[in-house]
There are 2 protein chains.
Amino acid sequence: MGASLSDVASAAGVSPSTVSRYLNAGIKLPASTSERIDAAIKTLRYVPNPLARSLGRGRSDTVGLVIPDIANPFFASLASAVEQAAEEHGQGVLLSATSNSAAREVEYVSRMLRNRVSGLLFVSGHHNSSDLAETLAAASGLILIDEDVPGIDCSKVFCDNENGGRLAGQYLASVGHKRIAFIGGPEKLRSTTERLTGLREAAEENGAKVVMTCFGNYSPEFGRQAAAQVLQSSEEPTAVFVSSGEIAFGLLEALQAADIAIPERLSLIVFDDAGPLHLFNPALTAIRQPIREMGRKAVELALAEPDENAAFVEFLLPVELIVRASVTAPKAT
Amino acid sequence: MGASLSDVASAAGVSPSTVSRYLNAGIKLPASTSERIDAAIKTLRYVPNPLARSLGRGRSDTVGLVIPDIANPFFASLASAVEQAAEEHGQGVLLSATSNSAAREVEYVSRMLRNRVSGLLFVSGHHNSSDLAETLAAASGLILIDEDVPGIDCSKVFCDNENGGRLAGQYLASVGHKRIAFIGGPEKLRSTTERLTGLREAAEENGAKVVMTCFGNYSPEFGRQAAAQVLQSSEEPTAVFVSSGEIAFGLLEALQAADIAIPERLSLIVFDDAGPLHLFNPALTAIRQPIREMGRKAVELALAEPDENAAFVEFLLPVELIVRASVTAPKAT
DNA sequence: CTGAAAGCGCTAACAT
DNA sequence: ATGTTAGCGCTTTCAG
């Protein structure tokens with residue numbers, strides 16, 4: 001197709017390596033030669049071939065991002081942040097969504113590795129896959145975001161799930177709720193367990209109780225099922241903590257269909273404030289994660305020089321309570 | 001790092017080319033040798049290096065997707081569809097979001113090209129950039145989605161914007177609206193002009209009129225501004241057609257802040273039904289685009305054999321009216 | 001049908 | 001400081 005580096009070199013009367021160094025290492029050379037090179041580049045419309053470059057260096061200028069679902073607003077925002085941060089480092093983004101398939105997690109992660117990504121950002125959606133652990137163990141520049149993978153030693157970026165749970169628990173208790181339902185994600189994921197821990201502790205410290213829990217995947221469909229369980233519960237919770245926006249969507253749908261007044265009959269608080277939750281009916285009270293910061297931090301960590309007396313670090317980014325209309329005092333019993 | 005093709009070859013006692021052909025072209029060879037190759041692959045844990053493969057073939061197994069903004073639910077859904085379709089064709093996805101910068105459109109598109117993507121799916125957000133046209137002209141496997149780029153000759157996938165406008169206009173007129181406001185995207189984009197055309201025609205055929213128009217970018221911020229304009233309009237529209245979900249978010253916010261009752265005081269219909277618009281306050285009446293089909297179609301077109309007596313095609317996918325609560329009859333004047 | 005050999009375009013030791 | 005020379009790992013024409 002286009003002109004190659006050596007075309008430029010011969011046109012400028014120098015060796016390919018000189019051109020390469022000039023372009024990459026930014027070495028200085030006599031004005032006359034650098035001008036000839038620049039001219040040749042312009043004339044020949046030379047553009048470097050990143051594939052060749054990557055093959056030669058064993059590393060591509062691309063960071064990999066593997067997430068469960070790009071259509072989920074949380075991950076979409078994360079991808080957006082990653083994309084932007086990567087760009088600032090001159091890196092492209094190779095994206096894969098696993099659609100919550102454990103097999104695809106392994107496959108996509110390993111594809112990223114084969115493509116010699118310069119950093120690999122991974123949000124898992126599953127617990128306990130030995131294949132995954134094995135694949136991940138071989139990765140360099142690996143950063144785990146949002147969910148942990150036990151046994152993997154690398155830098156990690158989470159939000160402060162436990163404190164998010166606490167904030168929600170304190171708030172619900174403070175307006176008078178005594179019986180709280182917890183709708184989580186997959187049972188063994190870090191996000192689920194930590195949020196529940198925080199919620200439970202804060203509730204109990206403030207005279208309230210988590211009276212029911214239910215777990216499922218991060219989908220509207222599960223939200224609908226969860227709504228049924230909440231409504232059937234003999235514990236009669238007066239407030240629901242939902243561990244994700246996607247679940248909340250389904251929950252709300254089902255609750256509206258069943259003519260349950262929110263917040264009068266049931267208060268609702270959502271973990272995660274991605275998407276326009278403030279426009280919902282009612283506006284949803286939420287725990288907001290610093291999604292953009294998480295993405296940015298992850299990219300920085302992934303791209304940091306690996307040699308530096310490299311202890312792996314684990315970041316816990318702060319969350320915040322956003323008070324809106326979906327929580328109110330429970331009706332007097 | 002890992003074992004290479006030639007490692008496998010020598011372990012199996014054959015030549016690299018044989019292994020390559022066996023793996024790629026799927027040729028048959030004596031059971032004994034194929035077994036030795038398989039064994040060697042397993043033992044050495046051989047995984048092919050896609051970078052080398054791409055460099056050799058001049059084409060990577062990756063489709064490029066360039067969109068304005070991945071955090072926008074419409075593009076997020078599109079990306080999800082593309083990702084999935086690409087996967088089914090054994091292709092990865094290289095993603096870039098231009099954040100509505102014309103310069104970045106050129107840069108990202110050309111980066112994709114340099115990376116020898118096997119197909120390039122592009123959603124523009126700008127009108128009239130000669131640099132862009134020049135860059136795009138050199139692209140192979142280029143598919144334009146959702147927005148046109150004048151002068152570029154390639155296959156394209158749109159939704160039926162004009163009919164979407166018509167459906168909205170007919171519906172608004174049918175419930176009694178006479179004065180309709182149109183809040184569009186950027187003024188010269190195909191999506192904007194076509195939707196307006198359809199809306200206007202249907203309105204006029206049914207005794208209504210588009211009494212004001214305003215144009216801006218696809219963002220909540222513009223939606224807020226547009227709200228102010230609608231409220232100040234001397235034409236007193238009784239219904240608003242909004243050309244995107246993102247704009248609708250800002251519009252709704254501002255309208256709520258100004259205590260405008262929707263739909264009693266002002267009816268609202270949104271083009272595009274990405275995101276949980278049915279959970280909004282009020283549930284938003286919308287024109288739904290077949291986003292997944294658009295993504296899927298685009299991938300298929302991009303990956304189709306280019307030689308086939310190749311006339312470029314232009315697809316117009318059907319839209320549909322989703323009736324919800326944000327449109328009602330206007331108050332008697 | 002299989003193997004040898006020449007790239008793909010760039011980088012990086014090594015030598016000058 | 002610049003040039004020479006090997007690769008990086010795979011594909012593919014071209015002989016055999």
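First the proteins, then the strands, lettered A, B, ... as listed; each starts at 1.
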Asker: Rounded to the Å, how far apart are A/R57 CZ and C/dT11 P?
Answerer: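 From A/R57 CZ to C/dT11 P: 7 Å.
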Asker: When we call it a touch if two heavy atoms are under 4.0 Å apart, what does A/S17 touch: a base, just sugar-phosphate, or nothing?
Answerer: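 The answer is base, as A/S17 lies within the cut-off (heavy atoms under 4.0 Å) of a base atom.
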Asker: In whole Å, what is the span from the CG atom of B/L55 to the C1' atom of C/dG7?
Answerer: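 Checked: the CG to C1' distance equals 9 Å.
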Asker: With heavy atoms under 4.0 Å as the rule, sort A/T18 into base, sugar-phosphate or nothing.
Answerer: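 Sugar-phosphate contact only - A/T18 comes under 4.0 Å of backbone atoms but never of a base.
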Asker: Taking for each residue the nucleotide of DNA chain C with the nearest heavy atom, is it B/R116 or B/P16 whose nucleotide lies nearer the 5' end?
Answerer: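 Its nearest nucleotide lies further toward 5', so the answer is B/P16.
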Asker: Taking CG from A/L51 and P from D/dC10, how many angstroms apart are they, rounded to a whole number?
Answerer: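 Checked: the CG to P distance equals 14 Å.
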Asker: For A/P50, which contact category applies under a 4.0 Å heavy-atom criterion: base, sugar-phosphate, or nothing?
Answerer: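 No contact at all - A/P50 keeps every heavy atom at 4.0 Å or more from the nucleic acid.
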Asker: Could you tell me the separation between the CD atom of B/Q84 and the CZ atom of B/R296, rounded to the nearest 0.5 Å?
Answerer: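 One gets 6.5 Å once the value is rounded to the nearest 0.5 Å.
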Asker: Would you indicate, yes or no, if C/dG9 has its OP1 or OP2 atom less than 4.0 angstrom from a side-chain nitrogen or oxygen of A/S4?
Answerer: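 Checking C/dG9 against A/S4, no side-chain N or O comes under 4.0 Å of OP1 or OP2.
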Asker: In terms of side-chain heavy atoms of A/V14, which of D/dG9, D/dG3, D/dT11 is nearest?
Answerer: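 When the side chain of A/V14 is considered, D/dG3 is the closest of D/dG9, D/dG3, D/dT11.
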Asker: Grab the two heavy atoms, one from B/L95 and one from A/E83, that are nearest each other, plus how far apart they are.
Answerer: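 Minimum heavy-atom separation between B/L95 and A/E83: O-OE2, 3.7 Å.
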Asker: Would you please confirm or rule out a distance under 4.0 Å between OP1 or OP2 of C/dT11 and any side-chain N or O of A/N24?
Answerer: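 Answer yes for this pair, as a side-chain N or O of A/N24 is under 4.0 Å from OP1 or OP2.
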Asker: What's the closest nucleotide to the B/L5 side chain, out of C/dA13, C/dC10, D/dC10?
Answerer: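 Within the option list, the nearest is D/dC10.
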Asker: Rounded to the nearest 0.5 Å, what's the gap from CZ on A/F74 to CG on A/D146? Could you check?
Answerer: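 The distance works out to 4.0 Å.
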Asker: Could you tell me the separation between the CG atom of B/N49 and the C1' atom of D/dC8, rounded to a whole number of Å?
Answerer: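 My rounded result for the distance is 8 Å.
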Asker: Using whole Å, what does the distance between atom P of nucleotide C/dC8 and atom CG of B/N115 come to?
Answerer: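 After rounding, the reported distance stands at 19 Å.
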Asker: Starting at CG of A/N115, measure out to OG of B/S54 and round the result to the nearest 0.5 Å.
Answerer: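 Nearest 0.5 Å value for the CG-OG distance: 7.0 Å.
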Asker: Starting at CG of A/D7 and ending at C1' of C/dC10, how long is that distance when rounded to a whole Å?
Answerer: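 That distance rounds to 12 Å.
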Asker: Just compare D/dC8, D/dT2, C/dT2 and give me whichever is closest to any side-chain atom of B/R21.
Answerer: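 In terms of side-chain proximity for B/R21, the closest of D/dC8, D/dT2, C/dT2 is C/dT2.
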Asker: Map B/S15 and A/S6 onto DNA chain C by nearest heavy atom, then report which one ends up closer to the 5' terminus.
Answerer: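 The residue closer to the strand's 5' end, by nearest nucleotide, is B/S15.
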Asker: Using a cut-off of 4.0 Å on non-hydrogen atoms, how would the nucleic acid contact of B/Y46 be classed: base, sugar-phosphate, or nothing?
Answerer: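 Sugar-phosphate: the residue B/Y46, judged by heavy atoms under 4.0 Å, touches backbone atoms but no base.
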Asker: Remember a base hit wins even if backbone is also touched, and classify B/P48 as base, sugar-phosphate or nothing at under 4.0 Å, heavy atoms.
Answerer: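 Here B/P48 touches the backbone only, sparing every base.
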Asker: Between A/D7 and A/S4, is there a donor-acceptor pair closer than 3.5 Å when you use the side chain of the first and the backbone of the second?
Answerer: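 Such a contact is found between A/D7 side chain and A/S4 backbone.
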Asker: D/dT12, C/dT2, C/dC8: which one has an atom nearest the side-chain heavy atoms of B/I27?
Answerer: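 Of all the options, the side chain of B/I27 is nearest to C/dT2.
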Asker: Can you measure A/Y22 atom OH to C/dT11 atom P for me and round it to whole angstrom units?
Answerer: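 Rounded to whole Å, this separation is 15 Å.
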Asker: To check you understand the geometry: which heavy-atom pair defines the closest contact between B/Q91 and B/D61, and what is its length?
Answerer: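 Residues B/Q91 and B/D61, closest heavy atoms: OE1-C, 3.0 Å.
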Asker: Measure the distance from CZ on A/R59 to P on C/dC10 and round it to the nearest whole Å.
Answerer: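 In whole Å, C/dC10 P lies 17 Å from A/R59 CZ.
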